[in-house]
Amino acid sequence: MAKKDKIRLATVWLGGCSGCHMSFLDLDERLIDLAEQADLVFSPIADAKAFPPDVDVTLVEGAVANIDHLELAKQVRAQSKIVVSFGDCAVTGNVTSLRNRLDVDDLLNRVYQEGPGRTPTGSDPDGIVPALLRRVVPLHQVIPVDAYIPGCPPDPDRIWTAVSALLAGEPVRLEEEMRYFG
Amino acid sequence: MSVVTLTINDELASANSGQSLLEVIREHGIYIPTLCHMDGLSERGGCRMCLVEVQGMRTLQAACVTEVAEGMVVTTHSERLRKYRRMTLELIFAERNHVCAVCVMNGHCELQAVAAIEGMDHVRFDYLHPDLSMDISHPRFGLDHNRCILCTRCVRVCDEVEGAHTKDVMGRGINCRIVNDLNQAWGSSQSCTSCGKCVQVCPTGALFHKGVSVAEMVKRHDFLSWITLGREKNEWNYTGQPPYYATERRKE
Amino acid sequence: MNRSDLQTLGERELAKQQSTGCRLLCCGSTPCLSSGGTAVQEVFKGILKENKDLKAELAVVSTGCMGPCSRGPLVRVQRQGEPDVIYEKVTPELAQEIFKKHVSGEDTNQAEANILPGDIPFFSKQKKVVLANSGLIDPERLEDYVAQGGYMALANALREMTPEEVCSEIIDSGLRGRGGAGYPSGLKWNLVRRAKTDKKYVVANGDEGDPGAYMDRTLMESDPHRVLEGMAIAGYAVGAEQGFIYVRGEYPIAAKRLEKAIRMAERRGLLGSRVMDTAFNFRIDIRIGAGAFVCGEETALMASIMGRRGQPIPRPPYPAQSGLWGYPTLINNVETFGSIAPIINNGAEWFAGIGTAKSRGTKIFALAGQVENTGLIEVPMGISLREIVFDIGGGVPNGHTFKAAQTGGPSGGCIPADYLDTPVDYDSLRELGSIMGSGGLVVMDDTTSMPDVAKYFMEFCMDESCGKCVPCRVGTVQLYRILERVTAGIATRNDLTIMEELCTMMQETSLCGLGQSAPNPLLSTLRYFRHEYEALIKDDLPLTSDRFALATSSVLPRQEVS
Amino acid sequence: MVKNKSRRAAEIEHPSGDPRFNLVDRTLKRFQYQQDALIEVLHTAQEVFGFLEDDLLIYVARQLKLPLSWVYGVATFYHFFSLKPQGEHTCTVCMGTACYVKQAAEIVAMLQAEFGVAPGQTTADDKLSVATARCLGSCGLAPVIVIDSDVLGRQTADSTLAEIKARLSGQIRARQLEAASANDEVEEMEAETL
């Protein structure tokens, strides 16, 4: 019997603290099972520069907070079969969106102009620092999302439940105790 | 008191006339979510979580404010009702800044639990992110408007049980807010007796004890029914029962 | 004062009016006064002051609304034995001419061009029942009302009918609530009548909040005694001794006139204790609203009368079972009360003969917007929208074409040109996704953008939501924001889906009528003018789009008031 | 009873001795200090004082024996009540449907551009307050504005601006004729009926 093609898995890190990725690594020995079934084709913990084509499943951590995130999100959607909002920031905006009650320019001025350090050029895209969006939004407000894994971070059991369902080609169904935000 | 017979989810049920539909539904072991209802307080009918279908009624009825009647045919968990409950929760989550991860009530919050139970896994509406303040002028308690869902349990407990009526709702529509006295700092309120009942009945992290950090605020959900019914039931020692949403084995 | 005293008073007043050679009736309602009517009245009064000898043969009367408000200021000349002449757009100079022609008898034709013919469709297609006296009597004089047969219905009801008979008369007439929902009034009356409590209340809802509607204001200002009489008859029929009129805070003149009318009626023994020397007591008090649209909802209105925040409470129990201070309360719109006296006077059969099978009688509409003749009209139910807009209203001006008629205000919908021949009654309008409403009818021409109209009404509902229930408090804000994106051209198809889903959800889950009907204008424009929404929607927005830059826009809860 | 009465009398005197409180007291008495009359009392208070300051709300709450937060909740629920002082002149733009379809929004935009005040705000020099209304019931004259209680129909942004400028510079004083003359008539007729 010919060996079944491995699933092409990607994880993406947008506006978040990488806690979801840490929790992902906490899958521990289950990572070995995962590696047998899937190839990690793009991830902050893998060395790939560009988001590859024909990805089967992409887990997206973090909210959409700047122009780069927006662009990457669109690329992810175009090149993945299934996109999963991975963790509270991607699902709700969470901590990343706490800045939404403030004006972006005020925020930048306070942090960079009034505080110590070099002076950047505000929120205008200057090609070096990606411009901030006026408001941080959850992933599904920018691209269609297929499944949601809440949690800050989602604990490894939650991640495993979701990922193993995806590997088996089934829809993600989290039990009630795995659906809590926070 | 006469007995009435009604049908709930295709099963016959009996109840005393004058009972609320919510009470009867819960007596029969059927889980139905609520946010503004609290045993021991007057009903408000504002959160719309306990809406049920009653045959022959044009509109959906809030079970908490509907009296049982002979021959009533009630459905508590149709697809339509589930969907509306999820949408209501989405609206609540979008209204203010409910960031569970950094909330004092994380893990003990009624809103968070109800959302998980009802399967509200993401919010399709715009998060409004209003710029709301926090009042920590009271020596023992804090009020965080960001977490408030305007269930008015605090207003009712302050008026109906404590009798101080320190709290009320100001403004209207999306600008409604809980106020102390003349919209003044809680600490400067002369009517507040610092009894802390409002803190115990608040379903979310809007009212909390000062000094607690993320996930540390645990409320005594059955506190109110204990103090209001204690004399009747001769229960003088508070034992502490787990909150309703965590105890009921859910039959839908 | 008993029935025969009343008759004498009426006859005396009528004789006095008839002996006056010429009566100059000047419209004294707000639209005419603010377009120069005050100056016109000054001219006539000045003339009267200078010529004291004219007092016997000339009377200058400030009346209520005459109808065609856009043509104001209006003056009606009544001469014994001659048909009335109505002048439009009267200026102080023209007033002098009118005086010269009709009183001094000079041969002048200066004002001829301003004569409004009495046989134009604006007048001939109308049927005045509730507004019968409006524009003909001085609303501030009880005698004027009595001369037109006023308070006779109350006298007859008290003397010849039992409360039960009054209720069945109203049931037989087929009168339905004029506030918008169209619940059969007689059934409501009967419900309150049957309740066995020591206290009951009658409430007139004059909290007319729909933008573009001013029927109730006009009725209260032009013929306040008619409303009082209707309420007194209701009080007798249901067994109440206390009535309240809840007048919108924006209507100080209406409140003042009603207050004066109550005082005069009490002085004459037509209200108060022992009404018309019978055992029936009935007091009426006025309550002034304070600017809250939701107080038009009956439970919120009662909360407001009791001095509380105007937040609705879930029904049942209905006010007819448990209303003000827990007692059975009859709440009707002032226009409904305005229809009572004619029904008692002319009989249920007469009233039922007007209108259609399910919607009897007449309805007052405030015709406004892009239409030639704006103003107040009263038409028999069942008249077609086309007749109202094109015959009575005179069509759309400035070479534009008719696009839609909006009825029912923020709870109603827009009816497109295809349905112009629909009869105007409760059920047909509901089928079209609109409602009869309290009677606002705004005509829109082809320059109007429908998503913009929907946005306007949604903003209204958002501002007026009381904040008690979640679907209305937050749902209106969400819908408004989506509409804001639609009109700015940065909405996606997904937005449209969410919008429709939210509309249905709000209709079914909101606590009171405001939230349940708030999506109506949006849904009806989506139904008939979907292409306008589709044209504004973009499926692939560029990265630089405002949608992302301003992913959420200006509508934030306002900064805290403090 | 007598004892009660004297205590009430003592309460009636507001410590400031401001005679305007007497007018509020008159309404309180007319409604026999019933709690249900709160809105009526607030109407009077606002009429007399122009706006509802905290001190006034406290006074009303004490007199009616209502909780402070209750009074505050009611006062902020209704748009008629203002907790902030109003400008010397007020301009209210009707935003009813009829006025809206006849471009009333342009007038609001003009006011914002010209004077820098949005509806509900007062200029920094306290000269002009701008508000919008939910239909003044003069739809035949759309668009309608009310300046210092004078109703002006068929307005445009330009005509509104001219009117406001004239009033701010004191060229036109509030007309209020109709109100005054209507009052006279009431009195006249009263005399007649008597």
Side-chain angles (χ1 to χ4, degrees), chain A residues 16-17 19-20 23 60 62-64 83-104 106-107 133-155 158 162 171-182, chain B residues 31 33 82 85-86 89-134 144-147 204-205 213-217 243 245-250 252:
Chain A
C17 69
C20 302
S23 192
V60 182
V64 179
V83 177
V84 182
S85 273
F86 178 35
D88 271 2
C89 289
V91 179
T92 73
N94 203 25
V95 174
T96 315
S97 70
L98 283 175
R99 74 147 154 102
N100 279 358
R101 51 197 279 192
L102 307 168
D103 181 77
V104 169
D106 288 351
L107 197 77
L133 299 178
R134 296 247 153 245
R135 303 214 137 212
V136 175
V137 289
L139 187 64
H140 61 266
Q141 296 217 334
V142 176
I143 55 168
V145 169
D146 304 298
Y148 301 86
I149 309 177
C152 184
D155 63 48
R158 259 187 228 198
V172 176
R173 283 225 178 77
L174 296 176
E175 287 305 308
E176 180 196 312
E177 57 272 18
M178 292 189 175
R179 293 198 293 245
Y180 277 73
F181 292 121
Chain B
Y31 170 80
R82 280 173 217 263
R85 282 184 195 134
R86 278 199 301 273
L89 285 163
E90 283 180 67
L91 288 174
I92 294 176
F93 271 90
E95 185 185 10
R96 294 192 175 182
N97 306 311
H98 296 281
V99 187
C100 300
V102 291
C103 179
V104 289
M105 280 281 273
N106 190 7
H108 317 289
C109 170
E110 280 184 52
L111 179 65
Q112 189 186 23
V114 170
I117 292 167
E118 297 302 319
M120 197 284 291
D121 61 358
H122 70 292
V123 174
R124 291 166 300 162
F125 306 118
D126 293 351
Y127 285 96
L128 302 183
H129 293 295
D131 189 10
L132 295 172
S133 61
M134 198 191 256
D144 183 355
H145 294 291
N146 293 292
R147 308 280 191 253
T204 69
S213 181
V214 172
E216 288 178 355
M217 182 71 214
Y245 61 82
T247 52
E248 286 296 319
R249 260 312 90 214
R250 288 188 279 278
E252 291 187 349

Peer 1: For the atom pair CG (A/Asp146) and OG (A/Ser85), what is the distance rounded to the nearest 0.5 Å?
Peer 2: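 Between atom CG of A/Asp146 and atom OG of A/Ser85 there are 9.5 Å.
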Peer 1: Tell me, for A/Pro153 versus chain B, whether the close heavy atoms (under 4.5 Å) come from the side chain, the backbone, both or neither.
Peer 2: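 Neither part.
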Peer 1: If I measure from the heavy atoms of chain B, does A/Leu174 come under 4.5 Å with its side chain, its backbone, both, or neither?
Peer 2: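 Answer is neither: A/Leu174 stays 4.5 Å or more from chain B.
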Peer 1: Return the minimal non-hydrogen interatomic distance between B/Phe125 and A/Gln141, and the atom names on each side.
Peer 2: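 Looking at all heavy atoms of both residues, the shortest contact is O-NE2, 2.9 Å.
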Peer 1: Kindly state whether the ring of B/His98 and the ring of A/Phe181 have centres lying under 6.0 angstrom apart.
Peer 2: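 No - the distance between ring centres of B/His98 and A/Phe181 does not fall below the 6.0 Å cut-off.
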Peer 1: With rounding to the nearest 0.5 angstrom, report the CZ to NE2 distance, B/Arg96 to B/His145.
Peer 2: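 Here the interatomic distance stands at 7.5 Å.
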Peer 1: Let me know if B/Ala113 has heavy atoms under 4.5 Å from chain A in its side chain, its backbone, both or neither.
Peer 2: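 Its backbone and side chain both get close to chain A.
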Peer 1: Name the region of B/Asp121, side chain, backbone, both or neither, that has any atom closer than 4.5 Å to a heavy atom of chain A.
Peer 2: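 Both the backbone and the side chain of B/Asp121 come within 4.5 Å of chain A.
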Peer 1: Relative to chain B, which of A/Asp88, A/Thr92, A/Val91 shows the most heavy atom pairs under 4.5 Å?
Peer 2: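 So the answer, after comparing A/Asp88, A/Thr92, A/Val91, is A/Thr92.
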Peer 1: Please classify the contact between B/Val102 and chain A as side chain, backbone, both or neither, with a heavy-atom cut-off of under 4.5 Å.
Peer 2: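 The side chain, not the backbone.
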Peer 1: Return the minimal non-hydrogen interatomic distance between A/Ala63 and A/Gly93, and the atom names on each side.
Peer 2: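 What the structure gives for the nearest pair is CB-CA, 4.0 Å.
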